[in-house]
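The structure appears below as structure tokens.
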Amino acid sequence: MTKRLNDRQLAAIALLAQPKRAGLTYDQVAERVGVSRQALYDWRKDDAFNAVLKREIVANTIDDLPDIMASFKEHIVRDGNAALARVLFQAHGMLTDKLEIDNKPQQSGDDHIADMKARIEQMRGQ
């Protein structure tokens with residue numbers, strides 16, 4: 001079961017998800033939503049809070065994605081910053097960390113066993 005966030009947590013997320021926290025310090029965000037600074041820091045350690053915050057940040061950047069992607073070539077070439085592209089692609093779930101490629105031909109179990117037996121006989125003959 002997913003933990004349900006309260007209205008103050010959701011209000012804090014709305015501010016924290018904006019670029020540069022809407023120009024606010026963490027103290028000001030806490031004051032705006034009516035909690036102590038410590039409560040805000042405690043929320044920032046909570047996995048459920050951070051998951052919703054991340055989703056909100058991604059939602060806030062999705063409209064800018066076409067323009068950002070169009071500028072990648074220039075930024076990567078000019079600045080040599082290929083990591084920038086990787087970070088944004090990962091944030092939007094467009095890049096996986098691991099790719100497995102199986103380049104072995106598929107054999108049925110019987111074919112594989114017959115091949116192994118032939119190899120064993122070949123080794124015995126040497």
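Note that the coordinates shown come from a computational prediction; the quantities given were computed from them, not determined experimentally.
To the nearest 0.5 Å, the span separating CD on Glu31 from CG on Leu40 amounts to 12.0 Å. Here CG of Leu10 is found 11.0 Å from CG of Leu53. Values are rounded to the nearest 0.5 Å. The line from CD of Glu121 to CE of Met123 is 10.5 Å long, rounded to the nearest 0.5 Å.
Side chains of Leu5 and Trp43 form no contact here, defined as non-hydrogen atoms less than 4.5 Å apart. The shortest side-chain heavy-atom distance between Gln28 and Thr25 falls under the 4.5 Å cut-off.
Crowding of Arg119 atom CZ: a count of heavy atoms from other residues, nucleotides or ligands under 6.0 Å not exceeding 12. Open room surrounds CG on Asp7; 12 or fewer heavy atoms of other groups in view lie less than 6.0 Å from it.
The cationic group of Arg21 lies under 6.0 Å from the six-membered ring centre of Tyr26 and within 45° of the ring axis, placing it in a cation-pi geometry.
For residues 40-56, every residue pair satisfying the salt bridge (charged side-chain N to carboxylate O under 4.0 Å, His left out) rule, not counting sequence neighbours, is listed here: Lys3-Asp46.
One hydrophobic cluster, built from ILVMFWY side chains closer than 4.5 Å, cannot hold both Val58 and Leu15; they sit in different ones. In the hydrophobic clustering of ILVMFWY residues, with side-chain heavy atoms under 4.5 Å counting as a link, Leu16 and Ile62 come out apart.
Closest approach of Val33 to Ala12, counting heavy atoms only: CG1-N, 3.5 Å.
Of the possible polar contacts, none joining the Arg37 side chain to the Ala30 backbone as a donor-acceptor pair under 3.5 Å is found.
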Q | Trace of the side-chain contact (heavy atoms from CB on, under 4.5 Å) decision for Gln9 with Asn6 | A | CA-CA 5 Å; Gln9 288 172 312; Asn6 65 45; 3.4 Å; yes
